[in-house]
Amino acid sequence: MQKKYVIDPFEKNSGVKILFDGYAGGMAEIKAQVEAGKVQWDVVNVDAFTLERACSEGLLEVLDHNMLSPGSDGSQATDDFLPGTLTDCGIANDIYSLAIGYNSNTIGKIVPKTINDVFDTNKIPGKRGFQRKPIGLLEWALMADGIAREHVYHELATEAGQNRAFAKLDSIKKDIVWFDAYSQAPQLLNDGGAVLVQAPHGRFYEAMRNQNSPFAILWDGHIYDYDIWSIPKGTPKLELAKRFITFATEPVPLVGGTDLSYSPTRKSSLALVEMDDLLRNNLPTTHLNIGIQANSEFWADYGQALDERFAEWLLTN
C-alpha cells in the first residue's frame with residue numbers, strides 16, 4: 001500500500017531513492033539512534049503510543065504544520081486534517097480500529113448490536129476470541145458495564161474502575177479463547193473456534209473483500225487509532241524527511257490506505273475515494289461517533305501496571 005501510493009510516486013517525482021529498514025515497533029531503536037548521535041532512520045511510521053512517549057522524551061523532531069500541502073479543495077491543511085491527527089511530533093496518515101468481528105453464517109439468529117452483547121453469553125452463546133493483552137478488553141469491559149465512552153479512560157485510571165473492568169471480564173472468562181497473533185482471528189471465525197473475535201478491522205475487511213468471507217464487524221465501541229509519520233531527532237536529512245512527509249500526507253497519496261479500509265486523515269482525501277457499500281460501511285470514519293480514540297497517554301502511564309495485573313488475572317481460575 002505505502003509502496004504503491006507513496007514510495008514509488010515520491011521516488012518518481014523527486015528522483016530520491018527510498019531505503020527501507022526493519023522496524024519492530026516501539027521506541028527502543030529510535031532512542032538508541034538518537035542518544036548515540038547516529039540517526040539512521042530519517043522517517044519512521046509509528047503508532048500513537050510510541051509517538052506520545054518519544055515526543056515527550058525529545059526523541060522526535062517538532063514539525064511545523066505550515067509545511068503541509070492544502071487540501072484538494074483548496075482548504076488549509078490544518079482545517080483539512082481530521083481532529084487529533086496533527087500533533088507536535090507527527091502527522092497521522094491513516095485511521096484504523098480495533099473491533100469485534102463475526103461470521104454471519106454461523107453467528108445464529110441474533111447478531112451483536114452493541115458491545116454489551118459481546119459480554120452476554122445468554123443472548124449470544126459461544127466462545128469469544130481475544131488477543132492475550134489488556135488493551136481493548138478493559139475498555140470494552142467498562143463500556144459493557146455501563147460506563148459511557150467518553151468516561152472510559154477516566155474510570156480506568158482509578159482502582160475502582162480497574163476492579164470493575166476485571167470483574168466484567170470474569171463474567172465471560174470461561175468462554176474466552178486466547179490467541180497471540182491477529183493472523184489467527186479470521187481463522188477462528190472460519191472454523192467456528194469462536195463466534196465473536198477481536199482484531200484490527202482491516203483483518204476482517206481483507207477477508208470480506210478478497211476471499212468473499214461472510215464476516216461482519218460490530219462497530220459499537222470500536223477503538224480507533226492512527227499510524228503516524230515522524231522524524232527522529234538529529235537526522236542529517238531533516239529537510240528531505242520533511243519533504244517526504246509533506247508528499248506522503250497530501251490528499252491523493254492518503255487515499256491509498258482505503259485499499260485496506262484504513263481511513264485517510266484528511267477530509268478532502270475522503271472526498272476522492274471511490275466507494276462501494278462494502279468499503280463505505282467498513283471505514284472507521286463512518287463510525288467515529290460510536291467509537292473511542294485509543295488514549296496513548298493513559299496506556300503510557302498505566303500500561304505496565306495493567307499488563308502485570310492482566311498476566312496475574314490470566315493465571316487465576
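FYI, the numbering just counts along the sequence from 1.
- Between Pro134 and Trp299, some side-chain heavy-atom pair lies under the 4.5 Å cut-off.
- Residues forming a salt bridge (charged side-chain N to carboxylate O under 4.0 Å, His left out) with Asp80 (at least two apart in sequence, or on another chain): Arg266.
- Not a single donor-acceptor pair under 3.5 Å links the side chain of Asp73 to the backbone N or O of Ser268.
- In this structure, the side chain of Gln33 engages the main chain of Trp41 through a donor-acceptor pair within 3.5 Å.
- Note that CG of Leu188 and CG of Leu196 are 11.5 Å apart. Values are rounded to the nearest 0.5 Å.
- Annotation: Gln187, atom CD; neighbour count of heavy atoms from other residues, nucleotides and ligands within 6.0 Å is above 12.
- Two residues are said to be in side-chain contact when any heavy atoms from C-beta on lie closer than 4.5 Å; Ile107 and Pro112 meet this criterion.
- Of the possible polar contacts, one joining the Asp220 side chain to the Ile115 backbone as a donor-acceptor pair under 3.5 Å is found.
- Sorted by first and then second residue, the pairs that involve residues 269-285 and meet salt bridge (charged side-chain N to carboxylate O under 4.0 Å, His left out), not counting sequence neighbours, are Arg209-Asp276, Asp277-Arg280.
- Although no hydrogens or angles enter the test, the distance criterion places a donor-acceptor pair under 3.5 Å between the side chain of Ser263 and the main chain of Thr285.
- Judged by distance alone, with hydrogens and angles left aside, the side-chain atoms of Lys168 form no donor-acceptor pair with the main-chain N or O of Met143 at under 3.5 Å.
- Considering only residues two or more places apart in sequence or on other chains, Asp170 meets the side chain to side chain donor-acceptor pair (under 3.5 Å) condition with Trp313.
- Here the closest non-hydrogen pair linking Glu61 and Thr235 is OE2-N, 4.4 Å.
- Side-chain atoms of Leu283 and Met275, non-hydrogen and from C-beta on, do get closer than 4.5 Å to each other.
- In the displayed structure, His65 atom NE2 is contacted under 6.0 Å by more than 12 heavy atoms of other residues, nucleotides or ligands.
- In the displayed structure, Lys237 atom NZ is contacted under 6.0 Å by at most 12 heavy atoms of other residues, nucleotides or ligands.
- Both Leu137 and Val177 belong to a common hydrophobic cluster when Ile, Leu, Val, Met, Phe, Trp and Tyr are linked at side-chain heavy-atom distances under 4.5 angstrom.
- Note: the hydrophobic cluster containing Ile245 does not contain Val34 (ILVMFWY, side chain heavy atoms under 4.5 Å, direct or indirect links).
- Side chain of Ser69 to backbone of Glu250: no donor-acceptor contact under 3.5 angstrom is found.
- Of all heavy-atom pairs spanning Ser269 and Pro264, the tightest one is CB-CB, 3.6 Å.
- The main-chain N or O of Gln198 is never found under 3.5 Å from a side-chain atom of Arg203 such that the two would form a donor-acceptor pair.
- The cluster map of Ile, Leu, Val, Met, Phe, Trp and Tyr, joined by side-chain heavy atoms under 4.5 Å apart, puts Phe179 and Trp140 in the same cluster.
- In this structure, the ring of Phe204 has its center no less than 6.0 angstrom from the ring center of Trp219.
- Under a 3.5 Å cut-off, the side chain of Asn190 and the backbone N or O of Pro186 do form a donor-acceptor pair.
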Output side-chain donor-acceptor pairs under 3.5 Å for residues 121-128, partner residues at least two apart or in another chain, one line each.
| residue | atom | partner | partner atom | Å |
| --- | --- | --- | --- | --- |
| Lys123 | NZ | Asp117 | OD1 | 3.0 |
| Lys127 | NZ | Lys174 | O | 3.0 |
| Arg128 | NE | Val118 | O | 2.7 |
| Arg128 | NH1 | Ile124 | O | 2.8 |
| Arg128 | NH1 | Gly126 | O | 2.8 |
| Arg128 | NH2 | Asp117 | O | 3.3 |
| Arg128 | NH2 | Val118 | O | 3.2 |
| Arg128 | NH2 | Asp120 | O | 3.3 |
| Arg128 | NH2 | Ile124 | O | 2.9 |

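- The minimum heavy-atom distance between Asp88 and Cys55, with the atom names listed, is CB-SG, 4.4 Å.
- Closest approach of Thr249 to Phe81, counting heavy atoms only: O-CZ, 3.8 Å.
- In this structure, the ring pair (Phe, Tyr, Trp, His ring centres under 6.0 Å) partners of Phe298, at least two apart in sequence or on a different chain, are Tyr153, Tyr302.
- Using a 30° and 60° split on the angle between ring planes, Tyr262 and His201 fall in the tilted class, from 30° to 60°.
- Aromatic ring pairs are classed by plane angle as parallel below 30°, tilted from 30° to 60° and perpendicular above 60°; the pair Trp178 and Phe310 is perpendicular.
- In plain terms, the two heavy atoms of Glu11 and Val16 that are nearest each other are CG-O, 3.1 Å.
- Judged by distance alone, the side chain of Thr258 and the main-chain N or O of Val255 form a donor-acceptor pair under 3.5 Å.
- The line from CZ of Phe166 to CG of Leu142 is 10.0 Å long, rounded to the nearest 0.5 Å.
- The shortest non-hydrogen separation linking Ala99 to Leu218 is CB-O, 4.0 Å.
- Connection of Phe119 to Leu98 is established within a shared hydrophobic cluster, with ILVMFWY side chains joined at heavy-atom distances below 4.5 Å, either directly or through further cluster members.
- A donor and an acceptor atom, one from each side chain of Asn163 and Arg309, are located under 3.5 Å apart.
- Using a 4.5 Å cut-off between side-chain heavy atoms of Ile, Leu, Val, Met, Phe, Trp and Tyr, with links allowed through other members, Phe49 and Leu86 fall into different hydrophobic clusters.
- A heavy-atom distance below 4.5 Å is found between the side chains of Ile95 and Thr265.
- The local environment of CD in Gln304 is sparse, with at most 12 non-hydrogen atoms from other residues, nucleotides or ligands closer than 6.0 Å.
- Side-chain contact between Lys173 and Thr316 is present, with at least one heavy-atom pair separated by less than 4.5 Å.
- Enclosure of atom CG in Asn212 is not indicated, since only 12 or fewer non-hydrogen atoms of other residues, nucleotides or ligands lie within 6.0 angstrom.
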* To do: Dump the intermediate steps for side chain to side chain contact (heavy atoms under 4.5 Å, CB included) on Ile100 and Phe130, then the final yes or no.
  => CA-CA 9 Å; Ile100 301 292; Phe130 293 141; 4.0 Å; yes
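- To the nearest 0.5 angstrom, Asp8 atom CG is 10.0 Å from Ile18 atom CD1.
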List, one per line, each side-chain donor-acceptor pair under 3.5 Å for residues 221-229, sequence neighbours excluded.
| residue | atom | partner | partner atom | Å |
| --- | --- | --- | --- | --- |
| His222 | ND1 | Ser97 | OG | 2.8 |
| His222 | NE2 | His287 | O | 2.8 |
| Tyr226 | OH | Pro83 | O | 3.4 |

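- Taking the side chain as every heavy atom from C-beta outward, Tyr5 and Asp259 approach each other to under 4.5 Å.
- With a 4.5 Å cut-off on side-chain heavy atoms, Ile30 and Val44 count as touching.
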